[in-house]
Amino acid sequence: MSANKDTVRKYIDGFNKSDHAQILSCLTDDIEWTVFGHFRLIGKEAYDQAIESPDFSGPPVLEIVRLVEEDDVVMAELSGEAHRANGEIMRMAMGEVFVMRDALIAERRAFVIELTENEYK
C-alpha cells in the first residue's frame with residue numbers, strides 16, 4: 001500500500017467518524033476543496049468549518065469501492081449515505097480526485113451524484 005493511499009483511507013475514516021483532527025492531519029495547509037456544482041474553498045480553517053454542514057446530521061457513511069494511483073494523484077470511487085437535517089437519507093455515488101503532496105492531500109475535487117432510485121440512478 002502506498003503512503004498516498006494510506007492517507008486517503010485515513011481521511012475517509014476520519015469523515016466517517018466526523019473526527020476533525022484526523023481529517024485535518026491528512027491535509028496540507030493550503031488545501032483546496034471543490035465539490036463541483038456546490039462550492040470551492042481554500043485553507044484548513046475553511047475546510048474545518050465545512051466538514052459538518054448544517055444541511056446534514058451526524059457523520060456520513062462512506063465506503064471506498066476502489067482507489068487508483070498514478071504519480072501524485074489518487075482517484076477514489078466511493079458510495080455512501082448521509083442523513084439530511086430533516087431526517088431523510090441521501091444516498092450517493094462519488095468520484096474523488098486527491099492531488100497529493102508529501103503524502104498529504106493538497107487538493108480534493110469531488111463529483112457527488114445523488115441516487116434516488118437504485119444503486120446507479
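Atom set for the values below is all heavy atoms of this structure, side chains included, hydrogens, waters and symmetry mates excluded. Positions are given from 1, in the same order as the sequence printed here.
In this structure, the side chain of S79 does not engage the main chain of A93 through any donor-acceptor pair within 3.5 Å. Judged by distance alone, with hydrogens and angles left aside, the side-chain atoms of D102 form no donor-acceptor pair with the main-chain N or O of L104 at under 3.5 Å.
When every heavy atom of A85 is checked against every heavy atom of P54, the shortest pair comes out as CB-O, 3.5 Å. Summarising the geometry of S18 relative to G58, their closest heavy-atom pair is OG-C, 4.4 Å, with the distance given to 0.1 Å. Nearest heavy-atom pair, P59 versus N16, reported as atom, atom and distance to 0.1 Å: CB-O, 3.4 Å. For M92 against L115, the heavy-atom pair with the smallest separation is C-CD1, 3.9 Å.
A heavy-atom distance below 4.5 Å is not found between the side chains of V61 and R91. Side-chain contact between R108 and V97: absent, with no pair of heavy atoms (C-beta onward) separated by less than 4.5 Å. For the pair K17/Q22, a side-chain contact is recorded, criterion being any heavy-atom separation below 4.5 Å from C-beta on. Here the side chains of L78 and I12 are in contact, with some heavy-atom distance below 4.5 Å.
Every pair passing ring pair (Phe, Tyr, Trp, His ring centres under 6.0 Å) that includes a residue from residues 101-121 is listed here, sequence neighbours excluded: F36-F111. Within the structure, ring pair (Phe, Tyr, Trp, His ring centres under 6.0 Å) pairs that include any residue of residues 11-31 comprise Y11-F15, Y11-F98 (at least two apart or interchain). Within the structure, salt bridge (Lys or Arg N to Asp or Glu O under 4.0 Å) pairs that include any residue of residues 45-73 comprise R66-E77 (at least two apart or interchain). Counting only residues at least two apart or on different chains, the salt bridge (Lys or Arg N to Asp or Glu O under 4.0 Å) pairs with a member in residues 19-34 are D29-K44, D30-R101.
To the nearest 0.5 Å, atoms CZ (F56) and CD1 (I89) are separated by 12.0 Å. Note: E96 CD to T34 OG1 = 11.0 Å, rounded to the nearest 0.5 Å.
Residues M94 and V73 fall into different hydrophobic clusters, defined by Ile, Leu, Val, Met, Phe, Trp and Tyr side chains chained together at heavy-atom separations under 4.5 Å. Linking ILVMFWY side-chain heavy atoms closer than 4.5 Å, directly or via other members, places V65 and V112 in two distinct hydrophobic clusters.
Applying the side chain to side chain contact (heavy atoms under 4.5 Å, CB included) test to R9 and every residue at least two apart in sequence or in another chain returns M1, K5, I64, L67. Residues satisfying the side chain to side chain contact (heavy atoms under 4.5 Å, CB included) criterion with F39, sequence neighbours excluded, are W33, V35, L41.
Among the candidates V99, V74, L27, the single residue satisfying the side-chain contact (heavy atoms from CB on, under 4.5 Å) test with I105 is L27.
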